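When a residue number appears, it is its place in the shown sequence, counting from 1. None of these values were measured; they are calculated from a predicted model.
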Amino acid sequence: MISRRLFLISAAAGTVLAGMPFRVWAGTTLDLGGGVRVDTLSDGHLELPFDFSFAGLPRDQLDPILQQAGVSGDMIQSPCNITLLRDGTNTVLFDAGSGPDFMPTAGKVSEALAALELTPEDVTHLLFTHGHPDHLWGVLDDFDEPLFPNAAHVMGRAEAEYWTDPATLGSIREDRQSFVAGASRRIEALGDALALIEDGDSPLPGVTARLTPGHTAGHLSFAIDAGGQRVLVVGDAIANSHVAFARPGWDSPSDEDPPLGAETRQALLAELADSGTPLIGFHLSDGGIGRAQRDGDGFRFVPV
């Protein structure tokens, strides 16, 4: 059962005070049965230059896809959906969001948690899909201390090694060198509190890591199995609701390894469409939960 709800909270971390501004939060919930539920929380959105996602793509084919999706202009808004899993014992976040240091339009996870009457202290596990700023930088607070002090922090070994390897700074695109500095600082700040896992590992019961590389070297997706159902948290392996579905074989400039990213994306979408498995995408529309359906030579995203 999938449902959408609206929450009205103050902009001051959920504290309702006279004269305080209010923000409306849309929450998407997937009930897997057996007391297990998945919610998506908005960390805000990103404002990205057009070329960040679409440079080099054939405009005669790209423009109709974007027009149909209602996307236009030199700056693209990209929603940020953080996945929350609760099973009655564990409270699990998939990615930490942007925090205060990346973009002023993002870094709202604490407010989103407050809409569900939760705090960062309630989180028992924090699982990272990858180390880009909008997924990792929110792990530390304003004093460079862990924002989620009671959580077990988990990242793929290949991902952590990529961001802390001195060679990465010289190999990554110049406009992303700040990504390396930011990721390595946070990974090093977590130190031994960061557990490293491999493809196929289960960091907690019912959750299995799956290597889906290309967007980054060690990007992980996570399968959640409960109540005889499965949902796949795909992170940025499928990074938008339009072009990534309609033309999954196109190289995406947002991927660190575009050809590998396209290969991963095509395989994932074929699997998800054929199995009917719901997916959750960090940058997908309408809360990020939906299904992939075949559509001619490509696919389309069907949100709840």
Side-chain angles (χ1 to χ4, degrees), residues 30 32-41 43 81-97 109 113 116 118-132 134-140 146-164 183-184 186-238 264 268 271-272 277-282 288-289:
L30 175 61
L32 295 176
V36 179
R37 62 181 283 179
V38 174
D39 295 272
T40 53
L41 310 177
D43 193 49
N81 307 301
I82 293 178
T83 301
L84 170 70
L85 166 67
R86 287 178 285 177
D87 62 8
T89 301
N90 301 300
T91 299
V92 185
L93 282 184
F94 295 82
D95 292 322
V109 66
L113 285 168
L116 295 179
L118 295 171
T119 69
E121 289 76 14
D122 294 320
V123 176
T124 62
H125 296 77
L126 178 55
L127 311 183
F128 296 104
T129 61
H130 64 295
H132 277 164
D134 48 330
H135 298 257
L136 173 63
W137 284 18
V139 73
L140 300 181
L147 179 63
F148 306 93
N150 301 318
H153 295 67
V154 180
M155 178 179 280
R157 184 179 301 277
E159 186 73 5
E161 290 178 348
Y162 173 76
W163 292 110
T164 55
S184 61
R186 287 162 176 83
I187 292 170
E188 290 167 2
L190 291 174
D192 293 339
L194 181 65
L196 303 180
I197 61 173
E198 309 285 353
D199 180 29
D201 286 349
S202 293
L204 69 158
V207 178
T208 306
R210 177 171 172 181
L211 182 64
T212 48
H215 186 68
T216 59
H219 184 287
L220 291 179
S221 296
F222 292 94
I224 302 172
D225 291 285
Q229 301 184 68
R230 166 171 287 192
V231 60
L232 189 65
V233 180
V234 301
D236 283 6
I238 305 170
T264 294
L268 266 181
E271 174 190 326
L272 291 165
T277 301
L279 72 150
I280 306 175
F282 194 88
I289 303 179

Identify the heavy atoms of [X] and [Y] that sit nearest to each other, and give their distance.
| X | Y | result |
| --- | --- | --- |
| Pro278 | Leu272 | O-CD2, 4.4 Å |
| Gly281 | Val234 | CA-CG2, 3.8 Å |
| Gly138 | Leu147 | O-CD2, 3.5 Å |
| Ala96 | Val139 | CB-N, 3.7 Å |
| Leu211 | Asp199 | N-OD1, 2.9 Å |
| Trp163 | Ser184 | O-CB, 3.4 Å |

Could I get the full list of salt bridge (Lys or Arg N to Asp or Glu O under 4.0 Å) partners for Asp225, not counting sequence neighbours? Arg230

Would you please name every residue forming a salt bridge (Lys or Arg N to Asp or Glu O under 4.0 Å) with Glu161, sequence neighbours left out? none

May I have the step-by-step check of side-chain hydrogen bond (donor to acceptor under 3.5 Å, both in side chains) for Glu159 and Thr216, ending in yes or no? CA-CA 7 Å; Glu159 186 73 5; Thr216 59; 2.9 Å; yes

Lys/Arg N to Asp/Glu carboxylate O, Arg86 vs Asp39, below 4.0 Å: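 Judged by the 4.0 Å cut-off on N to carboxylate O distance, Arg86 and Asp39 do form a salt bridge.
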
Side-chain heavy atoms of [X] within contact of [Y], under 4.5 Å:
| X | Y | answer |
| --- | --- | --- |
| Leu93 | Leu41 | yes |
| Leu140 | Phe148 | no |
| Leu30 | Arg37 | no |
| Val233 | Ser221 | no |
| Thr83 | Asp95 | no |
| Leu126 | Val154 | no |
| Val207 | Leu127 | yes |
| Leu232 | Leu268 | yes |

Could you tell me the separation between the [atom1] atom of [X] and the [atom2] atom of [Y], rounded to the nearest 0.5 Å?
| X | Y | atom1 | atom2 | result |
| --- | --- | --- | --- | --- |
| Met155 | Leu196 | CE | CG | 8.5 Å |
| Asp201 | Arg157 | CG | CZ | 9.0 Å |
| Glu271 | Thr277 | CD | OG1 | 6.5 Å |
| Leu204 | Asp87 | CG | CG | 7.0 Å |
| His219 | Phe128 | NE2 | CZ | 13.0 Å |

[X] side chain vs [Y] backbone, donor-acceptor pair below 3.5 Å:
| X | Y | result |
| --- | --- | --- |
| Asp43 | Asn81 | no |
| Asn90 | Val92 | no |
| Thr124 | Ala151 | no |

Does any donor atom in the side chain of Thr91 or Asp122 lie under 3.5 Å from an acceptor atom in the other side chain?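 No donor-acceptor contact under 3.5 Å links the two side chains.
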
Taking it one step at a time, do Val36 and Leu85 satisfy side chain to side chain contact (heavy atoms under 4.5 Å, CB included)? CA-CA 7 Å; Val36 179; Leu85 166 67; 3.6 Å; yes

Assess whether side chain to side chain contact (heavy atoms under 4.5 Å, CB included) is satisfied between Ile82 and Thr40, documenting all intermediate values. CA-CA 5 Å; Ile82 293 178; Thr40 53; over 6 Å; no

Of all residues at least two apart in sequence or in a different chain, which pass the ring pair (Phe, Tyr, Trp, His ring centres under 6.0 Å) check with Phe94?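 Here the qualifying residues are Phe222.
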
How about His135 and Phe282: are their ring centres within less than 6.0 Å of each other? yes

Step through it carefully: locate the ring centre of His125, locate the ring centre of His153, and say whether they are under 6.0 Å apart.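 No: the rings miss the under 6.0 Å criterion.
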
Between Leu116 and Leu84, does a side chain to side chain contact (heavy atoms under 4.5 Å, CB included) hold up when you go through it step by step? CA-CA 11 Å; Leu116 295 179; Leu84 170 70; 3.6 Å; yes

Go through it in stages, so that I can follow the logic: the residues are Leu136 and Ile187, the test is side chain to side chain contact (heavy atoms under 4.5 Å, CB included), and I'd like the CA-CA distance, side-chain angles, deciding distance and then a yes or no. CA-CA 9 Å; Leu136 173 63; Ile187 292 170; 4.2 Å; yes

